[in-house]
Structure formats: structure tokens, C-alpha cells
Amino acid sequence: KNNKTTTVIFDMSEDVQEYTYLWGAQVRLPCDMPDDILRDAIQSVRAELDAVDDFEAQGNDIVERIKHKFDEKWNPYWHVIIGRSYGSFVTHETRKFVSFKIYDKAVMMYKA
């Protein structure tokens, strides 16, 4: 069963944003990450967000736990950003970047 679907979302700036839904997250395309690492990223973020009552107070702790997990499991040096709205331009290792939305949070993870 293929659970990958692609949706095109139009915003007010007339830019076309493409997304796919994987493991309960809205993943921005192009996604430059192997499926095993991507699944781990989405599941790790979801588990951390589900376990906390107050993201504003505990958000930095969540980011630190995910970063350390990924540094140990997938080798250093991972960067994790979770928030509601932000812009970015990053340089990353090939096949080590993802941007996705889960619940009301935007997530960016990359290895540099």
C-alpha cells in the first residue's frame, strides 16, 4: 500500500508549494532525505510534541532531545528547528535535509 500522496498548495504570493503526506506529517518537496531517516524524524518530533503540555516553555528541551538522538543514531552534526513561522537558507549535507509541518508546528532538520 502506497501512503505517499502529493498535494499542491497555493499561497497569496502566487508561489506553488508542493507537499506530500508521510507518516502523518505534511512534508515539503523536494525532500532530500532517505525514507528511514525521514520516518525517524517525523516520529521523533511527533512523540516529543505529544509528550509536552507547554511547547512555549519546553520547546528548547524538545529540540535538544531530538538533536542529541539524531547525533547519536545518524552521526553528528544535526540541526533542529521547530516553530510556527520562520524563514531560512541553509547549506546541508546531501540527502540530509527535510522541512515538514506537524500539528501547528513547522519543523526543519538538516545535517551540516
### Summary
By salt bridge (Lys or Arg N to Asp or Glu O under 4.0 Å), Asp61 pairs with (sequence neighbours left out) none

Distance-only donor-acceptor hits, side chain of residues 51-59, under 3.5 Å, sequence neighbours excluded:
| from | atom 1 | to | atom 2 | distance (Å) |
| --- | --- | --- | --- | --- |
| Asp54 | OD1 | Glu56 | N | 3.2 |
| Asp54 | OD1 | Ala57 | N | 3.4 |
| Glu56 | OE2 | Arg84 | NH1 | 2.7 |
| Gln58 | OE1 | Asp54 | N | 3.4 |

### Task
With side chain to side chain contact (heavy atoms under 4.5 Å, CB included) as the test, would you mind laying out the steps for Cys31 and Thr20 before giving the verdict?
CA-CA 9 Å; Cys31 175; Thr20 188; over 6 Å; no

### Query
What residues, two or more places apart in sequence or in another chain, satisfy side-chain contact (heavy atoms from CB on, under 4.5 Å) together with Val63?
Val80, Ile82

### Query
Which residues, ordered by chain and number, are linked to Phe97 in its hydrophobic cluster, where ILVMFWY side chains connect at heavy-atom gaps below 4.5 Å, directly or through other members?
Ile81, Tyr86, Val90, Met108, Tyr110

### Ile102 to Ile42 - nearest heavy-atom pair and separation
CD1-O, 4.2 Å

### Task
Identify, with sequence neighbours excluded, every residue that meets side-chain hydrogen bond (donor to acceptor under 3.5 Å, both in side chains) alongside Tyr77.
none

### Message
What verdict does the side chain to side chain contact (heavy atoms under 4.5 Å, CB included) test give for Ile66 and Met109, after you've listed the backbone C-alpha separation in whole Å, the side-chain angles of each residue and the deciding distance to 0.1 Å?
### Response
CA-CA 10 Å; Ile66 295 168; Met109 296 176 64; 3.8 Å; yes

### Task
Using the test salt bridge (Lys or Arg N to Asp or Glu O under 4.0 Å), find all partners of Lys67 that sit at least two apart in sequence or belong to another chain.
Asp71

### Query
Just how far is it from atom OG of Ser44 to atom CG of Leu49, taken to the nearest 0.5 Å?
10.5 Å

### Query
Which heavy-atom pair separates Val98 from Met33 by the least distance, and what is that distance?
CG1-CE, 3.7 Å

### Derivation and outcome, side chain to side chain contact (heavy atoms under 4.5 Å, CB included), residues Tyr103 and Asp50
CA-CA 10 Å; Tyr103 307 133; Asp50 287 347; 2.7 Å; yes

### Message
Strictly by side chain to side chain donor-acceptor pair (under 3.5 Å), give each pair with a member in residues 88-100 just once, sequence neighbours left out.
### Response
none

### Message
Tell me the closest heavy-atom pair linking Ala41 and Phe100, and the distance in Å.
### Response
O-CZ, 4.0 Å

### Task
Report yes if some heavy atom in the side chain of Phe70 is under 4.5 Å from a heavy atom in the side chain of Ile37; otherwise report no.
yes

### Message
I want to check something: taking the side chain as every heavy atom from C-beta on, are Lys105 and Val45 in contact at a cut-off of under 4.5 Å?
### Response
no

### Task
Kindly indicate, with the supporting measurements, whether the criterion side chain to side chain contact (heavy atoms under 4.5 Å, CB included) is fulfilled by Leu22 and Leu38.
CA-CA 9 Å; Leu22 297 167; Leu38 176 59; 3.5 Å; yes

#### Entry: All salt bridge (Lys or Arg N to Asp or Glu O under 4.0 Å) counterparts of Arg65, not counting sequence neighbours
Glu48

### Residues which pass salt bridge (Lys or Arg N to Asp or Glu O under 4.0 Å) with Glu72, listed by chain and number, not counting sequence neighbours
none

### Query
Could you give the distance from CH2 (Trp78) to NZ (Lys111), rounded to the nearest 0.5 Å?
6.5 Å

### Message
Using a 3.5 Å distance criterion without hydrogens, assess whether the side chain of Arg46 forms a donor-acceptor pair with backbone atoms of Gly24.
### Response
yes

### Summary
Those residues at least two apart in sequence (or on a different chain) that pass side-chain hydrogen bond (donor to acceptor under 3.5 Å, both in side chains) with Lys73 are Asp40

